[in-house]
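Following: one structure in structure tokens, then a few remarks.
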Protein chains: 2
Amino acid sequence: MARTAGSHSDITGPRVRAAALRLFARHGFAAVSMRRIAGEVGVQAGALYNYTPDKQTLLFELMQTHMEDLLADFARLESGADALARLEAFTRFHIDFHSSRPDEVFIAYMELRNLTPENFAVIESLRGAYEDGVTAILRQGQAEGTFALPDARIATRAVIAMLNGVNTWFRAGGPLTLGQVGDIYWDMVRKAVSA
Amino acid sequence: MARTAGSHSDITGPRVRAAALRLFARHGFAAVSMRRIAGEVGVQAGALYNYTPDKQTLLFELMQTHMEDLLADFARLESGADALARLEAFTRFHIDFHSSRPDEVFIAYMELRNLTPENFAVIESLRGAYEDGVTAILRQGQAEGTFALPDARIATRAVIAMLNGVNTWFRAGGPLTLGQVGDIYWDMVRKAVSA
DNA sequence: CTTTCAACTGAACATCTGTTCAGTTAATGT
DNA sequence: ACATTAACTGAACAGATGTTCAGTTGAAAG
């Protein structure tokens, strides 16, 4: 095979995904053309089709990769501890992970409606798996008597929605460090679910 | 003036806005063409320009109207009571108002990036005014000693983000009434901010 | 040096985009 | 009955859209 080493595909592929990610997050999937992504990479639009079968798949794979990364990192959190410690670890993890990937997070929440029904179902099930993990922590706390919750499923969504809000205002280099933001939110999360 | 009474403009105008609202919420501003809006109304695309100078203004006015309605209704809430009662009233109001206007809410949060800078500034300042109202309640509670908050501004955003989450899952006719949802969220909000 | 072929170009495809506007229609006031 | 004119049509505008593909390029394998 000619051009195996020194091939550009190892470089261009990631650059295509990076450009698509950036542009989809800034302007929205529907507002970004394949030509614009190609321009960002420095190639013609046709060349993109060496790296994705179509625009829809490009979006879907960005979202799928993001959700799988999220689940993989979430699974690494300590599961032996008591519910309070686990919820604190989750709270800080969620804030850290999401604030380190603002573009991915934005797309994963905003572009769901631009997925085909099949692709949507895949992303939704990944999101459901993440929620399940949080709900499990809350139910453990209910069983231990540490948490008092009218509904663990709704509390899960409430906590995640609250933490997602961080990404709308937090900017690294601002007055607060991520650790301080974690402290503030953990204080509110802890109280919100406590007995 | 001919065709004053019996004119269609009193009917078509609202129908244009309603169709745009529905379609923007479902598919996104960039993905909806003027021809598609016109089709929904039963009119040719050119006729839309009797009701809006351009597509951008159509979006902007939907968002502006929504935010002004929100602020007007928010201003009607009792302001004489103690902070706890005011925060409860706000919590239930926010849930009620937002769940009664899912399309408006969705657009107001999702289509900010499709506004021109001037229009964006207007909507942002309306949103800021709403946040200010909530922050005032939280600061009153801090002064009264009822609430313990590391940061009233951040707590405002946390509470609003949490309550906004309701719209992603609540459907009228489901297992819970809006009143029950209000109870569940008020329980969490109250505990989250309490001393 | 020659062959190979992954990576890419550039043009073409049919279709859609927001917006404008001369012209048509029909309900209204006189 | 007639003139007025708000409301709307339908065609046109210049350009953008996702996607395909025959052909070019140039680095590496033999």
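Residue numbers begin at 1 in each chain, while the letters A, B, ... track the order of the sequences. None of the values given here were measured: they were computed from a predicted structure.
Evaluation of the ring pair (Phe, Tyr, Trp, His ring centres under 6.0 Å) rule for A/F29 yields A/F24 as partners, not counting sequence neighbours. Residues satisfying the salt bridge (Lys or Arg N to Asp or Glu O under 4.0 Å) criterion with B/D132, sequence neighbours excluded, are B/R153. The side-chain contact (heavy atoms from CB on, under 4.5 Å) search around A/R190 returns A/L84, A/W186, A/D187, A/S194, not counting sequence neighbours. When the salt bridge (Lys or Arg N to Asp or Glu O under 4.0 Å) test is applied to B/E144, no partner is found at least two apart in sequence or on another chain.
Using a 4.0 Å heavy-atom criterion, one finds that A/V41 contacts no nucleic acid atom at all.
In this structure, CZ of A/R36 is placed 16 Å from C1' of D/dG18, rounded to the nearest angstrom. As rounded to whole Å, 7 Å separates atom C1' of D/dG10 from atom CD of B/Q44. Rounded to an integer number of Å, the gap from CG of B/L48 to P of D/dT9 is 9 Å.
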Going by atom type alone, with no hydrogens or angles, which donor-acceptor pairs under 3.5 Å involve a side-chain atom of residues 71-79 of chain A and a protein atom two or more places apart or on another chain?
unit_1 : atom_1 : unit_2 : atom_2 : d
A/D73  : OD1    : A/R76  : NH1    : 2.7

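Put simply, B/T12 has a side-chain N or O that comes within less than 4.0 Å of OP1 or OP2 on D/dC8. The phosphate of D/dA16 (OP1 or OP2) has no side-chain N or O of A/S33 nearer than 4.0 angstrom. Put simply, B/Y51 has a side-chain N or O that comes within less than 4.0 Å of OP1 or OP2 on D/dC8.
Among B/R35, B/R22, B/R17, the one residue that satisfies the salt bridge (charged side-chain N to carboxylate O under 4.0 Å, His left out) test with B/E40 is B/R22.
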Return the polar atom pairs (N/O with N/O) between nucleotides 19-23 of chain C and the protein under 3.5 Å, or none.
unit_1 : atom_1 : unit_2 : atom_2 : d
C/dT19 : OP2    : B/Y49  : OH     : 2.7
C/dT19 : OP2    : B/K55  : N      : 2.9
C/dT19 : O5'    : B/Y49  : OH     : 3.3

